[in-house]
Structure formats: C-alpha cells, structure tokens
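Convention: sequence-line order gives letters A, B, ...; per-chain numbering from 1. Note that this is a predicted model, so its numbers are computed, not measured.
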Amino acid sequence: MAFVLGIDVGSSYSKAIVLEEGEIRSYAVIPSGGDYREAGRVAARAALEELNLTFGDIARTVAAGYGGNMIDFADDTSTDISCHAAGVHYLFPSVKTVMDVGAQYSRAIRLDDEGRIANFIMNEKCAGGSGKFLQVAARILGIKVSEIGELSLTAQKAVEFTTGCAVFAESEAVSRISEGASPADILAGIHNAMASKIVTLVIRVGLTPDCAVTGGGAMDIGLVKAIGRELGTSVFVPEEPRITAALGAALMARETLKTS
Amino acid sequence: MAEEKKGRAVATSTAAKIPKFVRGNLSATLKAKEEGKKVAAAFIADGQDEIMRAMDIVPAWGESFSGVCAAKRDAEKYLQKAESDNFSRSLCTYATCNIGFDMMREELGGATPEGAPWGGMGRPDMMLGNGQLLCDPRFKWPQATQHYQQDVPVFVTNMYYPPWDPNADHHEQEAIYVKYATEELRETVKFCEKITGKKMDWDRLAATVELSDKTWDLFIDTYELRKHIPTPMDTGDAMNTMVPLTFNLGTQEAYDFYVDLNAELRQKIADGVGVANPERYRIIWAAGLPSWFALGDFQYFNGKGVVFPVEVTYRGCEKIERLDLPKTNDPLEHIAWRWVRYWTHWYDAAKKRPGSTPKVERIIEYIEDYKCDGAVFHSAFSCRSWHAGIMQQAATLKKVYKDIPILIMEGDIVDISSYNEADTHNRIDAFIETLAAYKKRQG
Ligand code: SF4
C-alpha cells in the first residue's frame with residue numbers, strides 16, 4: 001500500500017493529487033498566488049490532510065507545471081503537457097486529442113495509443129482561445145466567470161464577432177450591449193469565437209477522435225458545447241477538469257515506483 | 001541598462017573566433033574614412049558581396065549590427081527610438097533597431113551614439129538595398145533610413161528567381177531571370193563606380209568570385225562532417241560560424257576560417273568528441289532566424305542530449321558542382337546563375353513528390369542525410385518574409401514525408417519582449433518527451 005503524490009503548479013491554480021494503488025484518494029486545488037513554491041506545498045498539504053497523511057507517508061512525488069521546478073520536495077519533475085496526456089489517458093483511454101484551455105493559454109495535444117505525446121501545439125501569445133477571454137467577458141457583463149456557462153445556454157441567437165481577438169472583442173461586445181444584445185447571446189458568441197481558435201489548434205496538431213477538453217475552460221459548459229459543435233463531435237470532460245496534469249504527475253510517480 | 005547574459009559556450013574553438021570577425025566588420029566601417037574607403041549599408045545574400053569586395057567598398061551590415069544589439073540584450077533603446085517616429089515593432093526588428101540607431105547617430109551629427117554595442121557602425125556613403133525576391137523591408141528600409149540621411153544615395157535591386165510552380169518548366173524560365181539579375185548587378189557596379197569615382201577591376205572581380213565559389217564548396221564539405229554520430233558541431237555554433245560566409249564572402253579570411261573549422265571537426269571526429277555525450281536525439285533546425293538574445297537555448301537542448309547536426313538557416317550556399325552552372329566569362333552572369341540555381345535546384349526534387357515544395361524537399365533531404373529524429377521551426381514574428389510560410393512547411397512535411405515530432409517555437413530575432421524563458425524551456429522539455437515517445441513507437 002503506497003501513496004504517491006502528483007503536483008501541478010499552474011500560473012493561476014496549483015493542484016495536488018494523492019493516489020493509492022492507482023486510485024485517486026484525494027485532491028486539492030488552490031490559487032497559485034505569487035509564490036509557486038509555497039502554493040505547491042499548500043496544495044499538497046491540503047490533499048494529504050484529507051487522508052490524515054503527512055509528507056512522510058508519500059513514497060514518491062512528481063511535480064509539473066509552470067512552477068513545477070520550484071517544488072523542492074518532489075523526487076522528479078515532468079512537463080505538464082506529458083502529465084495532461086497521461087492523466088487524460090488514464091481517465092478516457094480512447095481519447096487521442098486533448099484541448100487544454102487554461103487561464104493564459106490554450107493548447108492541443110495529440111496522444112498515441114499508450115497515452116504519450118505524439119504532437120502538441122501551444123498558443124500562449126493570444127488571449128483569443130484562453131480563459132482570459134472569459135474573464136474579460138465576465139468583467140464587461142458584471143457577472144462571475146462561473147456563471148458564464150449556464151447563462152450562455154439560454155442564448156437565442158449568438159452574436160457574431162467579427163474578430164477572434166480578445167482585445168478587439170471587448171470593444172465589440174460593449175457596442176453590442178449598447179445595441180441591445182442580451183448577455184447570453186454575447187457569451188454564446190464569445191464561446192463560438194474561442195471554439196474556432198481552439199479547433200484551429202486541433203487541426204494543426206492533427207484531429208484524431210476521441211477528443212477531450214481539460215483545464216479551467218472545461219468547467220464552462222457553454223464553451224465545451226461550442227467546441228463540440230465546431231468539431232462536429234461530442235467531447236469528453238473530466239469530472240474535475242483542472243486536475244488532469246496533477247493526476248498524470250501522480251501516475252508517473254507510481255510508474256517509477258513500480259519499475260524501481 | 002543593458003542586461004548582459006552569460007555567453008554561450010561554443011562547442012568548437014574555431015567558432016570562438018567569430019566575435020573578432022564581427023567586431024572587425026563593424027570597426028572597418030568606422031575606420032573606412034581614414035583609409036579613404038567608401039562605406040555601403042548592405043544586406044546579406046543578394047549577390048553584391050563580390051562587387052563591394054572587388055571595389056574596396058566596406059559593407060556596413062545592418063542585419064549583423066542589429067543581431068549584435070539583440071545578443072547583447074541592448075536593442076531596446078534603438079527599437080524605442082524608431083517607435084518614437086512611428087515605426088511599428090511588428091516591422092522587421094533588424095530594420096527598426098538599425099533605423100533607431102541611424103536616427104540617434106544623425107542627431108549627433110554622424111558621431112557614434114555612446115554605449116553602442118561593440119562600438120557601433122559607421123555612417124554609410126551609399127545604401128545598397130535588395131529585396132531578395134521576398135523581403136519587403138529590404139526595399140523599404142534603405143528608403144526609410146534616407147529620411148534621416150538625405151544625402152546618402154540609395155540603389156535598390158531585387159535578384160528575382162523563378163517562383164515555385166509545380167506545373168511550370170523552371171528550366172525554361174531560368175535564363176530570363178539570370179539575364180535580369182545580371183543587368184541588376186551591372187547597374188549596381190555602375191552605381192558603385194559613380195559613388196567611389198573608381199572603375200571596376202574586372203579581373204579582380206573574377207578572382208573574387210572564384211574565391212567565393214571555393215568558399216561555398218569548402219563550407220558544404222565542412223558542414224557535411226556534421227553528419228557524423230555524435231555530431232561534432234551543432235546549430236548553436238552554426239549561428240556563429242555562418243558569419244564568414246554571410247558577411248565576408250569573397251575574402252581570404254572567410255575561406256581560411258572554414259579551413260580551420262574543417263580541420264577542427266575532423267579532429268573531433270577522430271577523437272570521438274561530440275556536442276552531447278551521449279547523443280540522444282538529432283534534430284534539424286528546419287527554418288527561421290534564431291532569437292539572438294536566447295542562443296543559450298541551444299545549450300539547453302544540448303544539456304538534455306539533443307543536438308542539431310544541420311540547419312536550413314544561413315546555409316546560404318551549395319556545392320557548385322551540384323548547381324551545374326552554365327559556363328560564362330562574365331563574373332556578374334556567374335553570380336546571377338549561382339543565385340538562381342541556388343533556389344531552383346530543389347525544384348526538380350519537389351516535382352517528384354506530389355504535394356511537396358522545394359523548401360520541404362530540402363528539409364527532407366537534410367533529415368535523411370543527417371539522420372534526424374525531429375524538426376524545430378522558429379517563427380520570428382517581425383520577419384514576415386522568411387517566416388510567413390513556416391506553419392505550412394511544417395504541415396506539408398508531415399503530410400508528404402512522415403509524422404515526425406515537430407516543435408514550432410514563437411519569438412523574435414531582436415525584440416526580447418516576445419520571449420519567456422520558462423515557457424520556452426517547458427516547450428522544449430515537452431518536445432523532448434514527444435521525441436522519446438516517437439522513438440519508442442519506432443522501436
Ligand atoms: S528577411 Fe526578415 S529579418 Fe531579413 S530584412 Fe527581411 S524582414 Fe528583416
């Protein structure tokens with residue numbers, strides 16, 4: 001009976017997962033703030049406390065993500081891209097294409113049959129396909145990001161944005177509000193614009209069904225549906241889409257333990 | 001305040017001589033006046049090198065100076081200066097960095113601005129622009145600079161070559177393009193004669209062209225030594241060792257440099273010394289100018305056992321024999337044929353593979369010859385000319401060749417604000433993991 005720990009320190013959130021015999025036993029998601037080292041430790045501690053465990057009970061730890069290299073108590077590090085691949089493969093073995101929509105970036109990852117990366121493309125220079133776009137939308141409409149998904153589903157006629165650029169879309173959204181467009185129609189339009197950016201990445205990486213969406217963006221049901229429409233297929237979404245990289249890291253820790 | 005980055009350790013000691021070359025080229029522009037020589041603002045790979053060398057005209061390479069500013073992480077002040085006069089940062093940053101520097105120098109009445117990297121560059125007596133078929137900044141940059149240096153005459157050529165069209169017979173078209181390019185070069189000579197007040201010594205030009213041909217051959221022979229496993233030199237070095245070919249073509253120093261490099265690589269091979277030990281993966285640098293401020297990233301690759309035995313960038317020559325150049329006694333016509341065939345000799349191969357293009361064909365040949373496992377492309381946002389088609393090249397490569405791992409890096413040549421080291425290293429790590437998975441699949 002060995003516990004392993006996977007940590008993913010992202011630019012916005014840090015996540016930690018404890019696995020035992022390949023089963024998820026606990027996890028935690030906390031805001032990263034400015035101190036990645038501390039954020040990783042706090043997330044790990046929160047996941048351990050749920051099981052009344054301490055760091056001493058953990059056989060192996062793998063850290064990933066933006067601040068993964070700063071986790072000094074980790075035995076090993078990996079990229080969050082590989083970890084996403086491993087995590088999604090564990091949850092949905094048939095998935096070959098992953099769209100990870102984070103706060104600052106979006107990326108598409110193609111997996112091989114073993115759940116390893118076959119190809120990946122990142123887009124972190126343009127906010128158009130990332131969670132940033134949703135934050136901008138929430139701010140203009142005076143709602144919470146978490147309310148966007150459900151509200152967008154009530155749209156009657158999605159607003160068509162003439163731009164896929166988050167910066168220009170902001171002023172376009174403001175003009176549409178003044179023209180009387182409903183918040184739901186605006187959000188549905190934003191989802192469509194984002195979906196088309198994300199699917200462009202998927203095409204570049206080589207669309208291979210089945211597909212899954214992960215990251216904070218996958219918590220937005222409206223965006224997930226828009227991506228599905230754009231792809232012309234349904235997509236898998238993990239129950240907690242923010243923890244797939246931490247899960248992958250934990251699986252890697254387990255793998256090394258098995259082979260060492 | 002310029003941020004100095006730790007210098008890149010070079011794998012070959014011959015490459016360590018490059019800063020002397022670059023400094024020498026810059027200081028030659030500053031000393032030219034005393035020596036009674038004329039200075040020409042010049043652009044690389046456009047067939048004008050030998051004309052300048054044969055007429056003792058000192059080239060002032062704007063691209064080189066901007067690269068130095070970038071490598072010293074000291075370009076921002078010049079970019080901002082150009083921006084203050086409405087030159088957008090998304091224009092070629094070689095151009096805007098150089099224009100900013102020229103603006104400052106003009107404000108000082110022609111004196112070199114204080115703190116200019118490696119002493120700066122001298123004021124030109126003429127500007128020889130060249131679009132090189134595809135680069136619009138190289139048309140507009142000299143013209144834009146002329147706003148600040150109104151007394152400096154500009155002469156802009158193009159050096160067209162037949163555009164790629166799988167259904168056209170480029171062999172039929174070549175002669176027309178060569179005729180046009182030869183006339184452009186002839187006009188360049190006339191322009192230079194007018195500015196310098198000297199006549200071209202045609203025998204000297206012919207000898208200079210012959211020396212260039214020899215340098216082209218030696219360059220390729222030397223670079224082909226990198227096929228060896230482990231490779232004795234990688235792209236991190238090649239971004240330095242390209243200097244003599246690119247900026248000093250037609251000089252004995254350039255030829256001698258490759259004699260030394262050739263000897264050193266042979267010795268490394270004999271001693272079994274490679275860039276990375278063990279060498280885990282071999283990658284082609286398939287396209288794109290590098291981020292001059294981040295050359296240390298090559299070492300990051302090397303540190304993980306990844307080497308670049310070959311690159312497309314700055315391999316601006318070919319074995320002369322392979323180009324099968326028609327005989328001519330006119331050195332300008334020879335330069336024109338060499339230029340046109342340098343591009344078109346890939347066309348036949350591309351025609352044989354449906355859906356391929358000459359650029360992709362070239363990448364495939366190098367992948368095969370240098371036994372590469374994957375490809376890295378660098379898309380520098382401010383150089384549209386060379387980088388606009390990179391995504392398509394990568395996609396075509398996968399389609400017509402094989403689904404090899406490809407990393408597309410995004411950044412710039414000069415503008416450091418486009419760069420994030422942590423993200424870049426994260427991408428590189430993920431790419432290496434992709435390579436590992438690919439090799440496993442291949443068995
Ligand atoms: S080829 Fe690119 S880098 Fe060179 S001058 Fe033209 S735009 Fe600038």
Side-chain angles (χ1 to χ4, degrees), chain A residues 8-11 32 36 62-70 76-86 89 96 98 100 102-126 130 200-208 245 248-249 252 255, chain B residues 89-90 281 291 300 303-304 306 373-382 387 389-399 401-412 415 417-443:
Chain A
D8 168 25
V9 185
S11 57
S32 289
Y36 291 141
V62 170
Y66 208 73
N69 285 328
M70 293 178 200
D76 208 352
T77 56
S78 177
T79 67
D80 51 350
I81 299 175
S82 268
C83 290
H84 266 293
H89 183 69
K96 295 283 176 294
V98 181
D100 178 37
Q104 311 283 347
Y105 58 80
S106 52
R107 56 193 169 194
I109 310 166
R110 184 153 53 82
L111 314 188
D112 67 12
D113 293 339
E114 311 293 322
R116 293 175 300 224
I117 322 172
N119 196 4
F120 70 95
I121 286 184
M122 295 175 70
N123 164 28
E124 87 278 24
K125 295 234 154 52
C126 160
S130 77
T200 305
L201 287 183
V202 171
I203 290 166
R204 275 173 56 194
V205 89
L207 169 61
T208 320
M252 284 180 190
E255 201 54 37
Chain B
R89 206 168 268 245
S90 55
Y281 306 112
S291 295
Y300 186 79
K304 297 186 174 241
V306 182
D373 308 302
V376 169
F377 292 77
H378 178 234
S379 181
F381 79 87
S382 81
H387 301 81
I390 277 182
M391 304 292 178
Q392 186 165 13
Q393 275 179 51
T396 307
L397 178 65
K398 274 185 181 278
K399 203 161 118 204
Y401 182 56
K402 13 176 170 163
D403 193 11
I404 58 163
I406 288 179
L407 174 66
I408 297 180
M409 310 226 283
E410 288 167 50
D412 190 42
D415 186 357
S417 67
S418 64
Y419 181 73
N420 177 329
E421 187 172 86
D423 273 346
T424 305
H425 289 182
N426 186 37
R427 276 182 189 220
I428 294 172
D429 290 345
F431 176 60
I432 295 171
E433 288 165 357
T434 313
L435 284 164
Y438 174 74
K439 289 273 263 197
K440 246 191 194 156
R441 280 199 299 278
Q442 304 292 302

Legend entry - Point-to-point distance, once rounded to the nearest 0.5 Å, from OH of Tyr66(A) to CG of Asp423(B): 4.5 Å
Inset, instruction - Specify which of Ile109(A), Asp80(A), Asp113(A) makes the most heavy-atom pairs with chain B at under 4.5 Å. - result: Asp80(A)
Legend entry - Where Ala430(B) and Ile81(A) come nearest, the two heavy atoms and their spacing: CB-CD1, 3.5 Å
Legend entry - Atom pair CG (Asp403(B)) and CG (Asp112(A)), whose distance is rounded to the nearest 0.5 Å: 10.5 Å
Legend entry - Separation between CZ of Arg204(A) and CE of Met391(B), rounded to the nearest 0.5 Å: 4.0 Å
Inset, instruction - Would you mind reporting whether Lys440(B) and Glu114(A) have side-chain heavy atoms less than 4.5 Å apart? - result: no
Legend entry - Heavy-atom contact with chain A under 4.5 Å, split by part of Ala395(B): neither
Inset, instruction - Would you mind reporting whether Phe120(A) and Leu407(B) have side-chain heavy atoms less than 4.5 Å apart? - result: yes
Legend entry - Region of Phe431(B) in contact with chain A, defined by heavy-atom distances below 4.5 Å: both
Legend entry - Separation between CD1 of Ile121(A) and CD1 of Ile408(B), rounded to the nearest 0.5 Å: 5.5 Å
Legend entry - Toward chain A, the part of Leu435(B) with a non-hydrogen atom under 4.5 Å: neither
Legend entry - Nearest-0.5 Å distance that lies between atom NE2 in His425(B) and atom OG1 in Thr79(A): 14.0 Å
